[in-house]
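These notes are about the structure you will find just below.
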Amino acid sequence: MTKHTIKGGHSEKAMQEKAGARFKDVFLNMPHEVSLVLITDSVRNEPYNRAAREVIHAIRKMTPKILLREYDLDHEMAKTWNVTVSPTLLFNPDHYAIRWLGAPVGEEARTFAEALIMMGYGETGISEDSRKVLDKITEPRQVTVFVSPTCPYCPQQAVNAFKAAIEKPGIISLEIVDVQANPATADRYGAHSVPQVFADDILIAQGAQPEELFMASLEQLEQQTVFIPESDAAEVETDLVIVGGGPAGLTAGIYAVRSGLRAVIIEKGLLGGQVATTPVVENYPGLTHVGGKALVDIMISHALEYTSIFPGEDVMDIIPGTPTEVITSRRRFTTQAVLLATGAVYRHLGIEGESRLAGHGISYCSTCDGPLFTGKKVIVAGGGNSAVTEALHLHHIGVDVTLVHRRDTLRAQEQLIQNLHDNNIPILFNTEIRKIRGEKVVAAVELYNNKTDETTTMNVNGVFIAIGYEPSVELAKKLGVELTTDGYINHDGRHRTSVPGIYSAGDVEGGYKQIVIAAAKGSEAALAIYEDLMNPYWKI
Ligand code: NAP
């Protein structure tokens, strides 16, 4: 019979005593003092004041290294530190800009203890990757973390914030706000779930994050869902360089490494390519509906399990040879083969006003810019799947949208067209946009009806252009790779281009533009490259 430890029994008590003694040792051996200032007011929030005092005294019993001063909210010192609520706890206020609004009790006692230990030992233990991200933050940043004593996820996120503020005392100031003690502040921020983190009043994270993702969200001022470690290497030796981190490139990375090759992915812009800015992806096998960004995050995380990704790096030159050299804005890669999975870029209308007002009411991405037009009037240009998907997305987020198409029929999927009708989204057929007007921002469009020959003006706040894509073939052209008459990369059935050792995959090859097809082409190219590298066709 297995012997179980009964909760609260003798052996559990012994273990607790041991853990308690170790904890005490940690506090006792702190090399530095931590000076706390507690500011209270005998009228407001008295139970929280008492709780804060009790938790501080409990720790002070274990160590003389925690110093405490207490002032009333009316005291001059409270004004000096600009404290207006009770209780507020300041940590080493001569050195850090860190304060706690409320009492560090319940789950939050863990955060409090960890924060004191980090300050007392003068080290946060952050990872090298986190440190690199933090080093990029050079401008002052005010971080506010909303927590509650009953939230088991909060300590992880609050500790992340403490680490950032302790590491960068002159740059990052931190306010931990207990929502139970400070409901009005939580209301003001609309923080109705915990943990939530704001930086300079911008919501940057909801829920607990791993340390590196927290730092990346703080640096980017936007919630990050995937963390890609940065590399300092000036030279990277590999078997396959994949240029482009869309579905084709990411899938090629997975399949190449699974075959036994070393592979890297280089992406100069947005990982995930067009998918990352697609509002909703329908019918990617296994998923009836999925957000474009969510699908991309899954793909990136999957690819990272196999291959290194170098985001934000522009490939400047590819010099075919043995080995082939790939020169980016940051380093040099040597490789046996290169896969061009460079995808496609938005097609432009090429009309008056388009380039001048781009970003000032003209957009190519409804997922990115749509929310700025809620309650406003826009047109979407195009008649394919993208235009219809974007019009539906805009309609669903409260934008007054009209679809404008140059022909009398749409070329989108039936189901999408049916959705347009079901949502009563107006469509102007046989209509071409001739001019986009506006001084500083879009104010109107000039529309030409190619059936009636009439030109009219429509007042709008925005124009979303979704008229397809052009293949990104600059690198291919530079390499002398042969293109098709339509301007796509010409390849044999095995994704080999006209230049030995250079391959292609995905939208840059033309054909049906579906995510599943790009992914399939990526895997097919990776397998073909593996076979070629085992048995090089250019040497036969
Ligand atoms: P698309 O299918 O090539 O359609 C482009 C649309 O823009 C066409 O209606 C075209 O008109 C119009 N157009 C092109 N140039 C124009 C110009 N200069 N002025 C006015 N209109 C112009 O492109 P897409 O809709 O961006 O889709 C790209 C690919 O992604 C397609 O293969 C599509 O199936 C795929 N996609 C699929 C989904 C999905 O499966 N749910 C969603 C989004 C995209 P004409 O009809 O007159 O040529």
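For ligands, and for the atoms within them, numbers begin at 1 and follow the listed sequence.
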Could you tell me which atoms of ligand 1, counted from 1 in the order shown, lie closer than 4.0 angstrom to a heavy atom of [X]?
X	value
Y469	26 (O), 28 (C)
S386	24 (P), 25 (O), 26 (O), 27 (O), 43 (C), 44 (C)
G384	4 (O), 6 (C), 9 (O), 25 (O)
Q514	34 (O), 35 (C), 37 (C), 40 (O)

Walk me through it: do L287 and V281 pass the test side chain to side chain contact (heavy atoms under 4.5 Å, CB included)?
-> CA-CA 9 Å; L287 302 161; V281 171; over 6 Å; no
Does the side chain of D532 come under 3.5 Å of the side chain of Y503 through a donor N or O and an acceptor N or O?
-> yes
Donor + acceptor pair across side chains of E212, S127 (<3.5 Å) | yes
Of the side chain and backbone of R406, name the one, both, or neither that has a heavy atom under 4.0 Å from an atom of ligand 1.
-> side chain
Side chain or backbone of V281 under 4.0 Å from ligand 1, or both, or neither, by non-hydrogen atoms?
-> neither
Return yes when E432 approaches ligand 1 closer than 4.0 angstrom through a heavy atom, no otherwise.
-> no
For atom 40 (O) of ligand 1, state which one of E282, Q413, R347 supplies the nearest heavy atom.
-> Q413
Anything under 30° is parallel, anything over 60° is perpendicular, the rest tilted; go ahead and classify H302 against Y306.
-> tilted
Among T431, N430, D453, T456, find the residue that satisfies the side-chain hydrogen bond (donor to acceptor under 3.5 Å, both in side chains) test when tested with Y448.
-> D453
For G383 and ligand 1, does the shortest N/O to N/O distance drop below 3.5 Å?
-> yes
Contact check: R411 vs ligand 1, nitrogen or oxygen atoms, below 3.5 angstrom | yes
Taking only distance into account, with no hydrogens and no angle test, what donor-acceptor pairs under 3.5 Å do side-chain atoms of residues 338-365 form with protein atoms, sequence neighbours excluded?
residue, atom, partner, partner atom, Å
T342, OG1, S472, O, 2.8
Y346, OH, T277, OG1, 3.2
R347, NE, E470, OE2, 3.2
R347, NH1, I467, O, 2.9
R347, NH2, Y469, O, 3.3
H348, ND1, Y364, OH, 3.1
E354, OE1, L349, N, 3.0
E354, OE1, G350, N, 2.4
E354, OE1, I351, N, 3.4
E354, OE2, L349, N, 2.9
E354, OE2, Y364, OH, 2.5
R356, NH1, G438, O, 3.0
R356, NH1, E439, O, 3.0
R356, NH2, G438, O, 3.1
S363, OG, C365, N, 3.0
S363, OG, C365, O, 3.2
S363, OG, D369, OD2, 2.6

